[in-house]
Visitor: 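I have a structure I would like to understand better, so I am pasting it below and will then ask my questions one at a time.
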There are 2 protein chains.
Amino acid sequence: MPENRPLGERTNFLLSQLGFHTAARFTERLADLGIHPSHFGLLMHLSQGEGRTQQQLAEALGIHRKVMVGLLDDLEQRGLAERRRHPADRRAHAIFLTDAARTLLPDAQARADAEEEDLLTGLDSAERRQLLGLLQRLAERTGNPRGVHPGLRRHPGR
Amino acid sequence: MPENRPLGERTNFLLSQLGFHTAARFTERLADLGIHPSHFGLLMHLSQGEGRTQQQLAEALGIHRKVMVGLLDDLEQRGLAERRRHPADRRAHAIFLTDAARTLLPDAQARADAEEEDLLTGLDSAERRQLLGLLQRLAERTGNPRGVHPGLRRHPGR
DNA sequence: GAGAAATTGTCGTGTACGGTAACAATCACC
DNA sequence: GGTGATTGTTACCGTACACGACAATTTCTC
């Protein structure tokens, strides 16, 4: 295993390169919906359970409370989420999706599918299954919760 | 192919997640050498041909001239590269590695190898070959030059 | 129950970074 | 030999993140 392999033959480099590339492309595809991939991740998370506090959401996504404030400001201004009074804790907000969000989310998911399809062009279905399975096994070992992106910052791509 | 798959079952998401994760880990491994992955990429490129101008290097790596100024400032201050007078063009600089860089580079490469080994733990050699081959085929189609990271910014991770 | 400590959401403040424009020095063209 | 283009650099600006601080409210403790 020679140490001076070129970068293009290193699995970790290729992962970083491809991951950055596909994230940037996805960011572009999402742009005219008025949201970033970080908003998409939050919407996806909300679609699996509403009414949680900002703090709970921030912990689930592995980001700081303050960042959640900004994300929810964006979503609220965009008419995709709303802060309601929390029934049990008057300090906290309970976060809910709007109908507009439930309309937009399938569209955003379709764009994610389109990006994936674009990326995987050239691989047959058996190879796609192989790749997905291998990546899932690697992802298990990273320690990141499933479906939580470690780079949930404001501008993941571009 | 259902549209509302969870993120953990999407190849593009997994690539982005794993790519970000391994880049962040690599950044940490490189930290006590005093360089960032972007510096590493530039050093790797320089090791395959010295004496080029900053402009040529910037184009090869797909970044703006100004960013190259900053990267070379860092490398020069760190004693890893030097700007010499260009023999044919007195506006330009010819960029060379120092002996310190030639000593440091194998160390940095070994850290990249260690990060890769860490990432791929749990995959046997056949699976590693499969994964590498599939990723290389995907990388071909992205349009990025081989071994050039599209996210060559100052702080790729963390 | 009353005060102390912790929690929730928010707001400044400072700092660092990327991108645009501008600049002096030099080259290339014709 | 003079005009336009190119190289490397600096200045500027807008943005975004990290840290700390803050009021309102809850929970703990006695």
Visitor: Counting only side-chain heavy atoms from C-beta out, which of C:dT7, C:dT8, D:dT7 sits nearest to B:Arg91?
Guide: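 Nearest to the side chain of B:Arg91 among the choices is D:dT7.
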Visitor: Let's go through A:Phe40 and A:Phe26 carefully: what are the C-alpha distance in whole Å and the side-chain angles of both, what is the deciding distance for ring pair (Phe, Tyr, Trp, His ring centres under 6.0 Å) to 0.1 Å, and is it a yes or a no?
Guide: CA-CA 10 Å; A:Phe40 175 69; A:Phe26 183 46; 5.4 Å; yes
Visitor: Rounded to whole angstroms, how far apart are NE2 on A:His64 and P on C:dC11?
Guide: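 Going from NE2 in A:His64 over to P in C:dC11 covers 15 Å.
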Visitor: Just the rounded figure in Å: distance from P of D:dT9 to CD of B:Gln55.
Guide: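 One finds 12 Å between P of D:dT9 and CD of B:Gln55, rounded.
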Visitor: Please state whether the base of D:dT25 and the side chain of A:Arg90 form at least one donor-acceptor pair under 3.5 Å?
Guide: no
Visitor: Would you say A:Arg85 reaches D:dA24's phosphate, i.e. side-chain N/O to OP1/OP2 under 4.0 Å?
Guide: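 Looking at the OP1 and OP2 atoms of D:dA24, neither is under 4.0 Å from any side-chain N or O of A:Arg85.
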Visitor: If I take atom NE2 in residue A:His86 and atom C1' in nucleotide D:dA24, what distance separates them, rounded to the nearest angstrom?
Guide: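 That distance rounds to 16 Å.
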Visitor: May I ask you to evaluate whether B:Gln54 reaches the phosphate of D:dT9, defined as a side-chain N or O under 4.0 Å from OP1 or OP2?
Guide: yes
Visitor: Calculate the interatomic distance between B:Gln56 atom CD and D:dG8 atom C1'; express it in whole Å.
Guide: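 Whole-Å distance recorded here is 14 Å.
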Visitor: Considering only D:dT26, D:dG8, D:dA18, which nucleotide approaches the side chain of A:Asp89 most closely?
Guide: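 Of the candidates, D:dT26 comes closest.
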Visitor: So for atom CZ, which belongs to B:Arg146, do other residues, nucleotides or ligands contribute more than 12 heavy atoms lying within a distance under 6.0 Å?
Guide: no
Visitor: Mind checking the CZ-CG spacing from B:Arg83 to B:Leu75? Nearest 0.5 Å is all I need.
Guide: 9.5 Å
Visitor: Between B:Val69 and A:Ala88, which has a closest nucleotide on DNA chain D that is more 5'?
Guide: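 Of the two residues, B:Val69 wins.
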Visitor: State which of D:dT9, D:dA5, C:dG9 makes the closest approach to the side chain of A:Arg65.
Guide: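 Given the options D:dT9, D:dA5, C:dG9, the side chain of A:Arg65 is closest to C:dG9.
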Visitor: May I have the distance from A:Leu71 (atom CG) to D:dA16 (atom C1'), rounded to whole angstrom?
Guide: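 It is 12 Å, rounded to the nearest whole Å.
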Visitor: Kindly indicate, with the supporting measurements, whether the criterion side chain to side chain donor-acceptor pair (under 3.5 Å) is fulfilled by A:Asp74 and A:His39.
Guide: CA-CA 8 Å; A:Asp74 298 339; A:His39 301 130; 3.0 Å; yes
Visitor: Given C:dC27, C:dC11, D:dT25, identify the nucleotide with an atom nearest to the side chain of A:Lys66.
Guide: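 Nearest to the side chain of A:Lys66 among the choices is C:dC11.
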Visitor: Given atom CG of A:Leu57 and atom P of C:dT8, what is their separation to the nearest angstrom?
Guide: 12 Å
Visitor: For the pair made of CZ in B:Arg52 and C1' in D:dT7, what is the distance, rounded to whole Å?
Guide: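 Distance, rounded to whole Å: 17 Å.
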Visitor: Whether the A:His149 and B:Ser16 side chains hold a donor-acceptor pair (N or O, under 3.5 Å, no angle test) is what I'd like checked.
Guide: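 On atom types as modelled, these side chains qualify, holding a pair under 3.5 Å.
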Visitor: What integer distance in Å separates B:Met68:CE from D:dT6:P?
Guide: 19 Å
